[in-house]
Amino acid sequence: MCGRYSVTHEDWSILDSWGIEVVREDSFAFSARYNMAPTQQAPVLYTTALKSPVSLGLFTWGLLPDTAYATINARAETLAQRPTFRPLLRNHRCLIPADGFYEWGKGRSPKVPHYIHMQNSAPFLMAGLHTRRTHPKTGAILRTFTIITTAANELMKNIPHDRMPAILDQATARHWLDPSTGVADALSLLQPYPAQMMQAHLVSAAVNNWRHDTPDCILPAERNT
DNA sequence: CCAGACGTTGTT
DNA sequence: GTCTGG
DNA sequence: CCAGACGTTGTT
DNA sequence: GTCTGG
């Protein structure tokens, strides 16, 4: 699962070289986050009916459909069978910029938080779905998203953890966003990211508290509990 | 036929 | 959006 | 994901 | 233990 992550890059012009032209919404404002948590506002890349450019806007983490409670993750394997997610697969795919995420190793008590990131510290994109819902009373439009998870790669299994976010690379990211990509093709892009490209290390349990959102969240820590 | 319900993930 | 219930 | 709260009645 | 909140 992916229930906490970091977004410290504020410049996403690197995506130009990925073939993704990003345009920020007028109201887009964001500064580095080291401990992004569910229910908070996070940057999301999405497309509308037409292809490029891709928009960058703030969405609330936790997909809130018209008739269900919020979900922060969606399993790639069963996406097409879930009533909540299936309608969103064709026109509501999105990508969530990140540069690392946290997982708490299972089995140990207390659970030990790990930070997982690319070996070269490069930013990456997680696959997601988004939706839009009008508040029944205020009429305000609430935009929410969920992060798609897939099977763990070897790096994640060592933590140990069974799931990881579906990360898309340079070759597949723009296909996921492209409205002309069919549902079956889009689903085929959701695979575990190669473990050899990634790295993980222990971090301080201070990250457990979402209020702790500072650069030291991602620093390596000794096992001392 | 329409009305109304349905609805997630991951962990122990 | 789709399935179930009447 | 973890942290933190979680509780009643009647009366003003 | 379970639900809510961020």
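We name chains A, B, ... by the order of the sequence lines, and we start the count at 1 in each one. As the structure is a prediction and not an experimental result, all values here were calculated from the model.
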Measuring only the [atom1] atom in each nucleotide, how far is [N] from [M]? A whole number of Å is fine.
N	M	atom1	result
dC1(D)	dT9(B)	C1'	11 Å
dC2(D)	dT11(B)	P	9 Å
dA3(B)	dT8(D)	C1'	39 Å
dG10(D)	dT2(E)	C1'	29 Å

Assign [X] to base, sugar-phosphate, or nothing according to its heavy-atom contacts below 4.0 angstrom with the strands shown.
X	value
Trp104(A)	sugar-phosphate
Ala70(A)	nothing
Phe85(A)	sugar-phosphate

Self-check item: Selected nucleotide, minimal atom distance to Gln40(A) side chain, candidates dG6(E), dT11(B), dT2(C)
Solution: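 Closest nucleotide to the Gln40(A) side chain: dG6(E).
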Quiz prompt | Closest nucleotide among dG1(C), dT2(C), dG4(D) to the Arg211(A) side chain | solution =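 When the side chain of Arg211(A) is considered, dG4(D) is the closest of dG1(C), dT2(C), dG4(D).
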List, one per line, each side-chain donor-acceptor pair under 3.5 Å for residues 53-65 of chain A, sequence neighbours excluded.
from     : atom 1 : to       : atom 2 : distance (Å)
Thr60(A) : OG1    : Gln41(A) : OE1    : 2.6
Trp61(A) : NE1    : Ile72(A) : O      : 3.1

Rounded to the nearest Å, what distance is computed from the [atom1] atom of residue [X] to the [atom2] atom of nucleotide [N]?
X	N	atom1	atom2	result
Asp213(A)	dA3(D)	CG	P	15 Å
Asn91(A)	dG1(C)	CG	C1'	13 Å
Asn209(A)	dC2(D)	CG	C1'	8 Å
Trp210(A)	dA3(D)	CH2	C1'	9 Å
Ile218(A)	dC1(D)	CD1	C1'	18 Å
Arg90(A)	dT2(C)	CZ	P	11 Å
Met164(A)	dC1(D)	CE	C1'	16 Å
Glu77(A)	dT9(B)	CD	C1'	11 Å

Quiz prompt | Inter-residue atom distance Leu190(A).CG - Arg75(A).CZ, 0.5 Å rounding | solution =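 Reported to 0.5 Å precision, the distance equals 13.0 Å.
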Quiz item: Distance from Asn153(A) atom CG to Met198(A) atom CE, nearest 0.5 Å?
Solution: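 If we round to the nearest 0.5 Å, Asn153(A):CG and Met198(A):CE are 5.5 Å apart.
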Self-check item: Selection residues 178-204 of chain A - residue pairs positive for ring-ring contact (aromatic ring centres under 6.0 Å, His included), sequence neighbours left out
Solution: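 Residue pairs with at least one partner in residues 178-204 of chain A: Tyr115(A)-His201(A), His117(A)-His201(A).
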Self-check item: Which residues share a side chain to side chain contact (heavy atoms under 4.5 Å, CB included) with Gln170(A), sequence neighbours left out
Solution: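 So Gln170(A) forms a side chain to side chain contact (heavy atoms under 4.5 Å, CB included) with Trp18(A).
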Quiz item: Reading DNA chain D 5' to 3', what string of ( ), [ ], | and . shows its pairs, if Watson-Crick and G-U wobble pairs count only when both distances fall under 3.5 Å?
Solution: ||||||......
Quiz prompt | Shortest non-hydrogen separation from Glu21(A) to Asp16(A) and the atoms involved | solution =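 Smallest interatomic distance, heavy atoms only, reads CA-OD1, 4.1 Å.
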Establish, with yes or no, whether the OP1 or OP2 oxygen of [N] is under 4.0 angstrom from a side-chain nitrogen or oxygen of [X].
X	N	answer
Arg75(A)	dG10(B)	yes
Arg82(A)	dT9(B)	yes
His161(A)	dT11(B)	yes
Thr149(A)	dG10(B)	yes

Self-check item: side chain to side chain donor-acceptor pair (under 3.5 Å): pairs with one or both residues in residues 29-40 of chain A, sequence neighbours excluded
Solution: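 For residues 29-40 of chain A: Arg4(A)-Asn35(A), Arg33(A)-Gln40(A), Arg33(A)-Asp213(A).
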Quiz item: Mind checking what makes side chain to side chain donor-acceptor pair (under 3.5 Å) contact with Thr71(A), not counting sequence neighbours?
Solution: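 Residues passing side chain to side chain donor-acceptor pair (under 3.5 Å) with Thr71(A): none at all.
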